[in-house]
Q: 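The structure that follows is given in the form of structure tokens.
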Amino acid sequence: MRKLVGFAVAAAMILLAACDGQPRAEPPARGFQAPTVEQPTVQPPPATALAATSTPSAASVVRQCSNGIAVPDPQQNAGLVQDCAVLLAIRDTLAGTTPLNWSSDRSIFGWWGVRLGGSWLGAPTNRVTRLYLSDLRLTGTIPAEVSELTELRILDLSTNQLTGGIPPEIGGLVQLVELRLAENRLIGFIPPELGLLVNLESPDLRLNRLSGPLPAELDNLTRLEWISLWSNELWGEIPTELGALTNLQWLSLGHNRLTGTIPSSLKSLSKLYGLFLNHNQLSGEIPPWLGTLRLLEELDLEHNNLNGEIPAELQNLSSLRLLSLGRNRLIGRIPSQLGTLTNLEGLYLGRNQLEGGIPPWLGTLSSLTELDLEENKLTGAIPHEIAAISDLEWLSLADNQLTGEIPPALGTLANLTTLDLEGNRLTGKIPGQLSKLSNLEYLDLKANQLTAGIPSELGVLTKLTVLDLGANQLTGEIPRQLGSLARLEYLSLDANQLAGAIPPELGALASLETLDLGDNQLAGSIPPDLGAMASLEWLSLRDNRLTGVIPPALGKLGNLKSLDLRDNYLKGSIPAELGSLVNLEWFGFSGNQLTDDIPPELEELPKLRSFYPGNT
């Protein structure tokens with residue numbers, strides 16, 4: 001089709017020139033005017049779908065575009081007639097099941113996403129220079145004939161449902177400056193012909209299913225400033241040729257399957273301010289030469305197979321705002337030189353094999369909002385200097401070997417939303433000062449050696465959605481004030497030494513999805529009030545000293561999937577009301593003093609797969 005379109009356009013222009021004196025369609029009252037250079041927003045298609053038309057022949061679409069309606073004054077605008085013919089020829093292939101309003105009965109100025117002219121030096125005002133077709137639910141493929149739009153500067157097909165591959169012919173769009181194909185379903189290799197787009201500055205191919213190696217031919221794109229191939233299925237090594245892209249400011253290759261080491265040629269990218277190689281399979285050490293990229297603001301090497309120590313040379317990256325090295329195999333101590341990175345907002349070193357203590361100098365990183373040191377081999381106490389990071393919002397020190405008490409000074413971190421200290425060896429009591437963290441949403445102190453009672457002051461943390469204090473040595477009663485945590489979705493107090501009754505106030509937790517009070521010394525009856533927790537999916541009261549009967553009110557927990565009442569001192573029969581738990585998948589009540597009668601309603605529950613009856 002591609003050659004036929006070009007031939008037919010030329011033939012039509014000759015025919016038009018030769019037919020002076022013959023009737024022809026009247027042009028619009030207004031003469032041809034180039035559109036303004038602004039980039040207007042693409043209007044979404046109307047709710048009513050346009051009538052589908054069969055694919056026209058090349059000669060046919062040229063005649064349609066020469067009717068004086070689609071293109072004003074076609075004799076004087078042969079190039080625009082050609083562009084019109086190309087667009088009509090590819091319309092249905094590109095659109096798929098979502099029609100476009102491109103039609104010979106409508107001026108090309110009213111076609112969705114089609115723009116003429118532009119602010120580029122030398123761009124003709126009477127040619128199609130931009131296609132903005134993002135987020136129009138297009139389901140077709142990218143036609144090879146799009147390369148016939150020889151003056152195209154911007155091609156935006158992002159956020160659609162396009163399938164198939166990127167046609168090699170797209171390399172013929174030599175004027176192209178921006179190529180946006182992100183968030184589609186494109187497959188296949190990246191064509192080496194993209195290296196012919198010598199004017200290209202910003203290709204965006206992220207969030208597709210592209211595979212294969214990165215073409216070395218990309219090194220021809222010397223004007224490239226920005227490239228994103230994030231979240232595809234690319235494999236192979238990072239080409240050393242990318243080091244020739246000396247104007248590159250942003251390189252995003254994350255979430256692929258790239259292997260090998262980080263090539264030293266990338267040290268030539270002195271203008272780089274964003275480097276994302278995360279979630280690949282890269283190996284070797286973190287190269288010290290990264291410290292020479294002085295403009296770097298974001299460095300993400302997370303989730304690879306990198307080993308060795310964190311290079312001290314990273315201290316030279318004075319503009320760095322993001323340093324993400326987590327989920328690798330890094331060893332050694334956290335280098336003190338990182339204390340010079342005072343612009344850091346996010347520091348992620350979690351899930352490595354780092355040793356030594358948590359450096360007190362972290363308290364000098366006053367711009368830090370997120371600090372992740374979880375799942376390492378860090379020892380010693382939590383330095384109280386961390387409380388000096390007043391903007392801190394997210395702090396995870398979980399799964400290390402930390403000892404000592406939780407610093408009460410952490411209660412001064414007024415912006416903190418997440419505090420995760422799970423899986424350490426922390427001792428002492430839970431500081432009541434944590435109740436001052438009015439923005440806290442996530443508090444996890446599970447699996448430590450904390451003692452004393454649960455501070456009732458925690459009941460004022462009304463933004464909490466997760467509270468996990470399980471697997472400690474906590475004593476005393478469950479504070480009834482926890483019933484005020486209206487946003488709570490997860491509450492675990494299991495594997496402690498808590499005594500007393502279950503507070504009826506917990507029944508007010510309408511958003512709660514998980515309640516685990518198992519493996520304690522709780523006594524008394526199960527409050528019927530728990531039947532009011534409409535969102536509850538998982539309830540465990542196992543291995544306590546509960547007495548009385550199973551409240552029929554638990555039958556109101558319509559979302560419940562798991563109910564564990566094992567190993568208590570419950571008496572009586574299983575209430576028939578539990579037969580209303582249509583979502584129940586697991587029910588355990590062994591180790592009690594219940595009667596052997598099982599209600600038939602319970603046996604008929606449609607989703608019940610695991611059932612543990614018996615009193616022994």
Side-chain angles (χ1 to χ4, degrees), residues 452-454 456 459 467 469-483 488 491-510 512-534 536-581 584-603 605 608 610-616:
I454 300 173
S456 60
L467 176 59
L469 308 179
N472 279 287
Q473 301 170 21
L474 299 174
T475 57
E477 298 185 352
I478 299 174
R480 57 182 177 78
Q481 289 84 349
L482 298 187
L488 208 59
L491 175 59
S492 178
L493 308 177
D494 69 302
N496 280 288
Q497 301 170 24
L498 299 172
I502 298 174
E505 288 82 358
L506 296 184
L509 301 177
L512 202 65
E513 298 175 2
T514 296
L515 176 59
D516 189 354
L517 306 180
D519 196 8
N520 278 288
Q521 301 171 18
L522 299 173
S525 59
I526 300 174
D529 310 70
L530 300 187
M533 295 188 289
L536 202 63
E537 298 180 1
W538 203 90
L539 174 60
S540 176
L541 305 178
R542 63 176 176 82
D543 200 8
N544 277 288
R545 300 174 181 177
L546 299 173
T547 56
V549 300
I550 299 175
L554 296 187
K556 299 177 182 179
L557 300 174
N559 289 306
L560 202 64
K561 298 178 180 179
S562 177
L563 176 59
D564 192 350
L565 305 177
R566 293 174 297 165
D567 299 319
N568 280 285
Y569 299 97
L570 301 173
K571 297 182 179 181
S573 59
I574 298 174
E577 286 82 353
L578 296 190
S580 300
L581 302 178
L584 197 64
E585 301 173 5
W586 196 99
F587 182 29
F589 55 88
S590 61
N592 282 284
Q593 301 172 16
L594 300 167
T595 65
D596 293 331
D597 298 329
I598 298 177
E601 295 90 345
L602 196 62
E603 295 179 331
L605 288 175
L608 194 60
S610 299
F611 191 59
Y612 291 89
N615 296 320
T616 59

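Because the structure is predicted, anything quoted here is derived from the model rather than measured.
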Q: Provide the closest heavy-atom pair for K556 versus G531 in the form atom of the first, atom of the second, distance.
A: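 Answer, listing the atom of K556 first, then G531: CB-O, 3.5 Å.
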Q: Considering only heavy atoms from C-beta outward, does the side chain of L498 approach that of I454 to under 4.5 Å?
A: yes
Q: Measure across P528 and P551 and return the closest heavy-atom pair with its distance rounded to 0.1 Å.
A: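 Where P528 meets P551 most closely, the heavy atoms are CA-CB, 4.1 Å.
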Q: Which atoms form the tightest heavy-atom contact between P479 and S456, and what is the distance?
A: CB-CA, 3.9 Å
Q: Can you tell me how far apart CG (L546) and CG (D543) are? Round to the nearest 0.5 Å.
A: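 L546 CG to D543 CG: 10.0 Å, rounded to 0.5 Å.
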Q: Are the side chain of N496 and the backbone of L469 linked by a donor-acceptor contact shorter than 3.5 Å?
A: yes
Q: Quick check for you: to the nearest 0.5 Å, what is the distance between K561 atom NZ and L584 atom CG?
A: 11.0 Å
Q: Tell me, which pairs form a salt bridge (charged side-chain N to carboxylate O under 4.0 Å, His left out) where one or both residues lie in residues 494-509, sequence neighbours left out?
A: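 Qualifying pairs, neighbours excluded: K446-D494.
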Q: Can you see which heavy atom on G555 is nearest to which on S580, and at what distance?
A: O-CB, 3.6 Å
Q: May I ask you to test the D519-R542 pair for a side-chain heavy-atom distance under 4.5 Å?
A: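 Heavy-atom side-chain distance check passes, below 4.5 Å.
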Q: Checking D516 now: which residues fulfil salt bridge (charged side-chain N to carboxylate O under 4.0 Å, His left out) with it, not counting sequence neighbours?
A: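 So D516 forms no salt bridge (charged side-chain N to carboxylate O under 4.0 Å, His left out) with any residue.
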Q: Rounded to the nearest 0.5 Å, how far apart are CG of N592 and NZ of K571?
A: 11.0 Å
Q: Looking at every non-hydrogen atom in both residues, tell me the closest pair between M533 and L515 and how far apart they are.
A: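 Nearest heavy atoms, M533 then L515: CE-CD2, 3.9 Å.
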Q: What closest approach, in Å, do G483 and A508 show between heavy atoms, and which atom pair accounts for it?
A: O-CB, 3.9 Å
Q: Give a yes or no on whether the backbone of N520 and the side-chain of N544 come within a donor-acceptor separation of less than 3.5 Å.
A: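 Checking the backbone N and O of N520 against the side chain of N544, a donor-acceptor pair under 3.5 Å is found.
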Q: Taking C-beta and beyond as the side chain, do L506 and L530 meet within less than 4.5 Å on heavy atoms?
A: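 Heavy-atom side-chain distance check passes, below 4.5 Å.
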Q: I need the L581 CG to L554 CG distance, nearest 0.5 Å.
A: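 Taking CG in L581 and CG in L554, the distance rounds to 8.0 Å.
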Q: Below 4.5 Å, heavy atoms only, C-beta onward: do I526 and L570 meet side chain to side chain?
A: yes
Q: Taking side chain as C-beta onward, heavy atoms only, is L594 less than 4.5 Å from L565?
A: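 Side-chain contact under 4.5 Å: no.
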Q: Working to the nearest 0.5 Å, report the span between CG of L509 and CG of D529.
A: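 Output value for this atom pair is 11.0 Å.
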Q: Check L493, I478, L541 against L522 for a side chain to side chain contact (heavy atoms under 4.5 Å, CB included) and give me the one that passes.
A: I478
Q: Between atom CD of Q593 and atom OH of Y569, what is the distance when rounded to the nearest 0.5 Å?
A: 8.0 Å
Q: Are the side chains of F587 and L602 in touch, meaning some heavy atoms are under 4.5 Å apart?
A: yes
Q: A side-chain contact here means heavy atoms from C-beta on lying under 4.5 Å apart; do L563 and L557 qualify?
A: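 Result no, sub-4.5 Å side-chain heavy-atom pair not found.
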